[in-house]
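The chains referred to below are lettered A, B, ... by the order of the sequence lines, with proteins before strands, and numbering in each begins at 1. The structure presented is a predicted model; accordingly, all values stated were derived computationally and were not measured.
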Amino acid sequence: MQEISSRYNPKETQDKWYKFWEENGYFSASSNPSKKPFSIVIPPPNVTGILHMGHALNNTIQDILIRYHRMRGEESLWMPGTDHAGIATQNVVEKSLAKEGLKRQDLGREKFIERVWEWKEEYGSTIIQQLKKIGASCDWERIRFTMDEEYSLAVKTAFVKLWDKGLIYKDKRIINWCPRCQTALSDEEAPHRQMQGNLYYMRYPLKSNPRNFVVVATTRPETMLGDTAVAVNPKDKRYKKLIGERLILPLTGRQIEIISDGMVEAKFGTGAVKVTPAHDPNDYILGKKHNLEFINVMHPDGRMNDRAGDYAGMDRFEARQVILEDLKEKGLLEKVEPHDLSAGHCYRCHTVIEPYLSRQWFVKMAPLAKPAISAVKSGKIEFYPKRWTKVYLNWMENIQDWCISRQIWWGHRIPLWYCNDCKKLAIAALSKPSVCGICKSSNLKQEEDVLDTWFSSWLWPFATFGWPFSSEDAVKNSQNKEDLKYFYPSSTLVTAPEIIFFWVARMIMAGFEFMGDLPFRDVYIHGTVRDTEGKKMSKSLGNSIDPVEIINEYGADALRFSLISITAQGQDVFLSRERFEQGRNFANKIWNASRFILMNLDPANARGDLCVFFKKEQLQLVDRWILSRFFSTLKQIDNYLDNYRFNEAANSLYSFFWREFCDWYLELIKPDIKNRQHQLVMYKILEKFLRILHPFMPFVTEEIWHLVCQLSKAPAEKSSIMTTKLPHLQKQIIDPDSEEKMERVFELISTIRNIRSELEIPPTQQVSATVYTAKKESQDLFQLNSLHIKYLGRLERLEFAKSYRQSPGKFATVFKDMHIVIPLEGLIDVRRHKEKITKKMQKTSLEIKVKKKMLANKSFIQRAPEEVVRREEEKLKELTLNLGKLKGVKDGLS
RNA sequence: GGGCUCAUAGCUCAGUUGGUUAGAGCGCUUCCUUGACAUGGAAGAGGUCUCAGGUUCAAGUCCUGAUGGGCUCACCA
């Protein structure tokens, strides 16, 4: 037999097996009516993406589900792809251009887009390669990109359909504007963040009496240049008389009016608020309501414009400082107070958002939200953990119209055409119309803006299948249609909480709108990966652990297993490097246990059907026990995975294999390892365990699978563990009686080991022991298993007797209803031993007291289930017996 | 301000519907290199389950409140 290393070396196996799987087409899936479908669409990572722990967790979960269902015999499709990530990608490419001293405008739109494509070709597959490293079994032949030609058609189609329904409109309003990226953003793309700022109290002189003024408080003094009113609450007595009066706006000399509106909070600041309708969403509302002028004082890049007078050309924050100085100089700055505020930040470049008045395209969301709300309310779509349902519904029920136009170049250009001649109409069409519908002019121009990236991602669950099937290839179309019909709706969506609004909610809306059906049934939201201090792992914080590094150092299986074993119920995951040792050690343990089995297994014994072989009483207790434990575990795994309880599944696999199979079973059978029964059982357990573990640790299981098959010469299984089925759950083998009995044997062994340890008996020294028990059943059990007890307890003799009689000089202890006596004349520290016994007696007495009290309670007897009462009674009996025995032992010592 | 979430061993966390002795990994102590594995084995120490009430025969688990973290949404300038 070939030498097998005593250490599992993941580096030697990972790439080899991944290639093997891919080349054999084990990942591919297509509609197959004879099987049940199972499908997942990957949350497409950005093309600019580099694998981080969040991806590793997200994709490990998906891979476990996919591999598990695949091995359950379901036609399992994991649809992969990447997202063109408009702003993010454009930013990356602009940065690389900047190194050449170029701006995108220097290249022009077309050339720039070409550059982005080039960039994508060169770097865009980095994350895909990394996904392969963690073992992701996606159907790579289907890989999609949200800017693919086919996919673009889906985007345009969706737009035109919404347009035709009247759900798309243009409006001039305050939107979130990123002055750095110079584009509009949706509300979701401009998350609010707490900031330390100031509240500046500024004096606005009254026109009627410039020595008097109204003081307004603001966090953004620079916007004062665009003020067109000051508003107060109509009920505010301080200002009642001043309503309708005019103020002189400092630094500009412009006159503005004092208006009143219920929106103004009298309690905040001074109760008088400056109104800047072009630079604040609330002020915008006031402006509309009171017919105020809208003065935009900023350029799109955040510099002040000509309307800002002397401050024109300054950056908004620079202008703030200068304005404050000027006001101060004029005695118009009353005071400055520290004030915490929250402001929107660009989710791509983190620049402070400017609420900015501009004309943008919007989607009316209320009609789309309707079916998406009821699908979740009715339970057709379920969130795991449940609590996200509320988050989702809350957002959905208060949904705002979606700003979908972006002033960037990289993305799906909005499929709208304007007539340069009559300028009357915008036409939405999949391709350029030949003439204007009104004036018949052919002088048409396409909208410059592109669509929000998420306007393409929300179509992902069906657009990836080729929807709307307008390809010229009829065969391809019909295959696509069939696949979509078969795999849609997908089974489970696995994603992170921060993406619920961006993507999950919108996919649900798009699913109903364009497919007339939900896009997926279950949504599993996993936690955020954090460092041990609770900070979110991110490159910018420098606290991230690179998954690829972990794969190199510990192995992909270790990465997967360690991640999954701490992913409880969608709780956040706190990670430190050491955490991956657990996974590495586990892989190594499996490796060595397999090695041990291979070294000791006679291949002839590996053949045979367990079911046929297993006739109830034929097998020894140990074998019945381990088989029962295996199938109990298997049953649990099914249950755990069906409920997305990944950590519990991982942990029960771990403890079954390590604690029960290795520490107990293999140790127990060592002296009798050539026994035919043991041989078959240990082989079968290993072989079955590998299969159930495979979804979690695909590489090490595949590697061992081949070693095992080689030895057992089972040719049918020679191909790949991936193509096998999960072990069939044989419920009749689950045997609580064996489990309970074996448990008692273990307890006895542990007690003996404990005694040895207490007495500091060297492991090499054999001793003899006598177990006194009045119960015949117990005696039989231990007698039957005395070989095991002797072996693991390192006993040369094990004897049984009925009634215990103290004999000085022997060590005695009480275990359950028994005495265990080890003769060790002269070696016992009587005093210490006595102390131990006393301590034990105290504990027992206390327990007895509690139980007695409990059983004396009439309500307990009346109301608790009979079974519980009986159990307590028995327990009390045992404890009392125990106490008596302990006392006997103690007395015998003196 | 609303909502969600967490508080359990030295650390990081499990603990499904309330019911024997509250678990794991890491860390710690003692012992062991015995032919699967020291990335290992055996034994052990360590917890008033944040606090205060309540429901119940019975609460780590359910309810209310408090305290302290975290997340998220929101138009107090």
Considering Watson-Crick and G-U wobble pairs with both distances under 3.5 Å, what does [N] pair with?
{"N": "rG60(B)", "answer": "none"}
{"N": "rU21(B)", "answer": "none"}
{"N": "rU67(B)", "answer": "rA7(B)"}
{"N": "rA77(B)", "answer": "none"}
{"N": "rG47(B)", "answer": "none"}

CD/Glu796(A): more than 12 non-hydrogen atoms of other groups inside 6.0 Å: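 Enclosed: over 12 neighbouring heavy atoms sit under 6.0 Å from CD of Glu796(A).
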Ring pair (Phe, Tyr, Trp, His ring centres under 6.0 Å) assessment of Phe383(A) paired with Trp388(A): CA-CA 6 Å; Phe383(A) 280 85; Trp388(A) 294 109; 8.2 Å; no
Regarding [X], tell me which of base, sugar-phosphate or nothing describes its non-hydrogen contacts under 4.0 Å with the strands shown.
{"X": "His279(A)", "result": "nothing"}
{"X": "Val275(A)", "result": "nothing"}
{"X": "Val273(A)", "result": "base"}
{"X": "Asn647(A)", "result": "sugar-phosphate"}

Rounded interatomic separation in angstrom, taking CZ from Arg753(A) and C1' from rC32(B):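 Answer to the nearest Å: 12 Å.
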Spacing between Phe657(A) atom CZ and rA24(B) atom C1', to the nearest angstrom: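 Atom-to-atom, Phe657(A) to rA24(B), this comes out as 18 Å.
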Presence of donor-acceptor pair under 3.5 Å, side chain of Arg871(A) and base of rU20(B):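 Looking at the base of rU20(B), it does not pair with any donor or acceptor on the side chain of Arg871(A) (distance under 3.5 Å).
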Donor-acceptor pair (no angle test) under 3.5 Å: Glu648(A) side chain, rA24(B) base: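 No, the side chain and the base share no sub-3.5 Å donor-acceptor pair.
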Please determine if a side-chain N or O atom of [X] lies less than 4.0 Å away from the OP1 or OP2 oxygen of [N].
{"X": "Arg584(A)", "N": "rU39(B)", "result": "no"}
{"X": "Asn592(A)", "N": "rG40(B)", "result": "no"}
{"X": "Lys390(A)", "N": "rC73(B)", "result": "no"}
{"X": "Asn585(A)", "N": "rG40(B)", "result": "yes"}
{"X": "Ser750(A)", "N": "rA43(B)", "result": "yes"}
{"X": "Arg659(A)", "N": "rG25(B)", "result": "yes"}
{"X": "Trp658(A)", "N": "rG25(B)", "result": "no"}

Sidechain N-carboxylate O distance under 4.0 Å for Arg584(A), Glu553(A):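 Glu553(A) and Arg584(A): not salt-bridged.
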Aromatic Phe596(A) / basic Lys670(A) pairing, under 6.0 angstrom, 45° off normal: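 Geometry flag: set, cation within 6.0 Å and 45°.
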